[in-house]
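One structure is given below, encoded as structure tokens.
Because only heavy atoms are used, hydrogens play no part in the values below, and waters and symmetry mates are left out as well, while side chains stay in. Letters A, B, ... mirror the listed sequences (proteins, then strands); counts begin at 1.
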Protein chains: 2
Amino acid sequence: MVTMADVARRANVSLSTVSYALNSTRPVAVDTRERVFSAMAELGYHRNAAARSLAARKSHVVALIFPAVEIGIGSTIGEFVASAAATARERGYHLVLWPLRADESADMVELARQGQADGVLLMEVTLEDARVAALRDAGIPVTLIGRTREPEGLSYVDIDFECTAAEAVAHLAGLGHEHIGFVNHSVRTQEAGYGPTVRMSADLATSAAAHGVRLVQTLCEETPVAGRAAVHDLLAADSELTAIITMNEMATFGVTAELAQLGRRIPEDVSVLAVVTSPGVVASTVPPLTVLLSPGAELGRLGTHCLIDQIEATVPVPRPVLVPCGLAAGGSTAPVRPH
Amino acid sequence: MVTMADVARRANVSLSTVSYALNSTRPVAVDTRERVFSAMAELGYHRNAAARSLAARKSHVVALIFPAVEIGIGSTIGEFVASAAATARERGYHLVLWPLRADESADMVELARQGQADGVLLMEVTLEDARVAALRDAGIPVTLIGRTREPEGLSYVDIDFECTAAEAVAHLAGLGHEHIGFVNHSVRTQEAGYGPTVRMSADLATSAAAHGVRLVQTLCEETPVAGRAAVHDLLAADSELTAIITMNEMATFGVTAELAQLGRRIPEDVSVLAVVTSPGVVASTVPPLTVLLSPGAELGRLGTHCLIDQIEATVPVPRPVLVPCGLAAGGSTAPVRPH
DNA sequence: TTGAAAGCGTTACCAG
DNA sequence: CTGGTAACGCTTTCAA
């Protein structure tokens with residue numbers, strides 16, 4: 001193995017000069033620098049990562065706490081991960097995956113204490129997430145994807161549910177709908193304090209009130225069968241329903257199927273709008289669904305930047321970011337039919 | 001920071017004994033061992049990862065070359081990644097993501113040479129994949145997810161396309177179908193030498209011949225619109241078609257939609273069988289699709305084991321594994337109608 | 001602008 | 001069964 005000492009010898013400089021040339025952490029004369037670099041090229045030098053980490057007390061690694069179970073079928077998580085990995089790489093970091101459940105926060109802290117990562121990206125954050133305190137107490141830099149109930153002082157990026165809810169209701173209200181149903185995630189996720197479930201419910205209610213439209217909601221398991229049942233729940237709660245908002249990809253399949261079976265055409269009889277969704281569900285119906293797309297890649301990019309900023313900053317400065325879902329117009333929403 | 005020296009002092013043993021106790025790399029008296037461990041607990045010791053890697057010349061990290069673009073919408077890749085990360089963890093390794101395109105094999109080798117990872121898991125392998133040679137020449141342990149045209153002597157795990165194709169044809173032939181269509185991935189993937197596209201095409205043809213059924217094939221872009229067109233391509237090629245096999249998730253949406261629009265019911269008029277697919281597409285139709293599920297999690301687990309076996313073996317012993325797709329019966333296939 | 005040298009916290013060899 | 005100690009290859013302080 002070629003070391004810095006070898007390079008130094010070859011370039012007729014000291015070992016430390018090689019290091020400084022490589023890291024630009026101290027000015028080095030141009031010709032010296034050149035000699036160093038050609039020596040490295042000639043020798044085929046590769047800087048040893050472990051030695052660097054040991055000496056610098058820095059791993060140049062960020063960890064992503066990877067959710068054990070995915071809600072839904074979509075590619076959102078994949079997009080998020082790919083974009084986080086790419087962003088980390090751009091900034092000279094590596095992304096490692098720690099597949100830890102929410103109750104394994106001790107393991108998480110242990111790994112960080114071993115210096116396996118300089119900071120942590122926490123996904124699937126719940127409203128009362130015990131992991132956040134565990135990390136904070138351990139002094140480990142962390143950025144949340146999502147946020148707790150009281151996220152003040154924390155670094156996080158999340159979907160702007162308020163804005164997304166407002167857009168969803170505005171879109172439908174603008175088409176004349178005054179009776180809207182909402183198919184949410186499951187009771188389980190609500191009880192777990194899963195942010196999207198809780199926030200979207202509240203924010204849609206607020207927006208609906210502001211537009212003077214009636215909103216009926218139902219929680220729904222993540223299966224098509226449950227989605228079918230949800231349609232009946234909503235119709236029972238409001239027989240004048242003309243539009244349905246869904247935030248549950250598997251259930252959405254059931255919703256559209258059940259509407260078809262009931263002879264209610266989309267969008268002529270009922271408008272359907274899927275929110276916080278991945279691009280894959282768009283194509284699941286004919287016409288394609290109108291959706292508000294989950295900004296997976298954007299969250300991955302922003303979250304990673306936030307975390308690395310925090311790691312590299314001398315003073316930890318949380319910088320929260322909220323990203324709204326973007327509308328992708330399909331053909332599943334239309335003006336309400338006069339009757 | 002608490003070091004081994006601190007622990008040694010506290011336990012009244014030498015530093016090396018602490019190391020040996022921790023790694024069980026040399027017998028240690030039971031009581032000594034206990035003293036060491038309680039000292040570690042009392043002091044809150046955490047073994048430093050960088051120092052360990054440096055001294056042992058081993059990172060305990062495996063890298064996953066993460067595909068830049070996903071084909072399809074499914075959760076297969078997510079399942080694969082999650083399962084690979086979990087398996088790595090079970091074996092004392094970490095999984096890092098290297099989001100590198102196929103033409104960035106130089107970067108891949110460079111990272112490995114820096115000691116950032118002990119081995120590499122290569123996804124989306126094509127028939128003539130230049131990265132494989134690059135890694136082999138550099139002496140870097142690698143396991144392919146997929147395989148090249150001539151995979152002899154390489155370590156790989158892949159879908160057993162031959163077996164999967166045989167099962168697909170046997171399933172439909174068993175229902176009496178004698179005119180079957182196949183909607184493959186796009187021309188682009190075929191030209192890139194993407195394994196599934198090329199192998200499934202050949203293996204389905206072989207199986208069809210063996211069963212004496214007529215098979216017509218078409219390559220298809222990964223969009224629902226293209227899937228709709230594919231239906232017409234196939235019908236034009238064989239007007240007596242009674243069954244369609246699809247291996248293209250987005251196209252599958254179009255296929256089912258177009259059949260519905262043509263007034264051809266599934267499965268009464270046409271059977272549809274989606275192969276090498278993720279669970280998400282199952283629910284995309286009513287009745288749910290019959291599918292052959294892509295064994296994403298299984299491949300992640302097996303691939304990671306293969307790689308780590310290879311890393312830890314004194315002699316590199318490739319151990320190829322092929323996994324067939326499992327049938328998940330839905331309601332989209334039925335006996336061919338007598339006419 | 002450069003050099004010398006002291007760590008960084010382990011692992012693993014050589015002795016006992 | 002245990003101890004001493006030389007690497008491991010780099011970063012960074014102190015000195016010139």
Are the side chain of [X] and the backbone N or O of [Y] linked by a donor-acceptor pair below 3.5 Å?
X: Gln114(A); Y: Leu111(A); value: no
X: Arg10(A); Y: Ala39(A); value: no
X: Thr32(A); Y: Val28(A); value: no
X: Thr143(A); Y: Leu307(A); value: yes
X: Asp129(B); Y: Val125(B); value: no

Please compare Ala51(B) and Val28(B) by the position of their nearest nucleotide in DNA chain D and report the one closer to 5'.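 Closer to the 5' end of DNA chain D: Val28(B).
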Distance check needed: dC10(D) P versus Lys58(A) NZ, whole Å only.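 Interatomic distance, NZ of Lys58(A) to P of dC10(D): 18 Å.
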For Asn48(B) and dC8(D), give me the distance from atom CG to atom P, rounded to whole Å.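 Between P of dC8(D) and CG of Asn48(B): 18 Å.
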Span of DNA chain C, from the first to the last nucleotide whose atoms fall under 4.0 Å of chain A heavy atoms: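 With heavy atoms of chain A under 4.0 Å away, the range is dT1(C) to dG9(C).
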Could you check whether Thr32(B) gets within reach of a base, just the sugar-phosphate, or nothing at all, counting any heavy atom under 4.0 Å?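 Sugar-phosphate, no base atom in range.
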Under 4.0 Å between a side-chain nitrogen and a carboxylate oxygen: does that hold for Arg89(B) and Asp107(A)? yes
Salt-bridge present (Arg301(A), Glu298(A); N to O < 4.0 Å): yes
Nucleotide nearest Leu54(A) (side chain, heavy atoms from C-beta), chosen from dG9(D), dT11(D), dG4(D): dG9(D)
Minimum heavy-atom separation for Met123(A) to Arg131(A), with atom names?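 Closest approach of Met123(A) to Arg131(A), heavy atoms only: O-NH2, 3.2 Å.
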Show me the protein contacts with nucleotides 12-14 of chain D, counting only N or O atoms at under 3.5 Å.
residue	atom	partner	partner atom	Å
dT13(D)	O4	Tyr20(A)	OH	2.7

With a cut-off of less than 4.0 Å, is there a side-chain N or O of Thr3(A) near OP1 or OP2 of dG9(D)? no
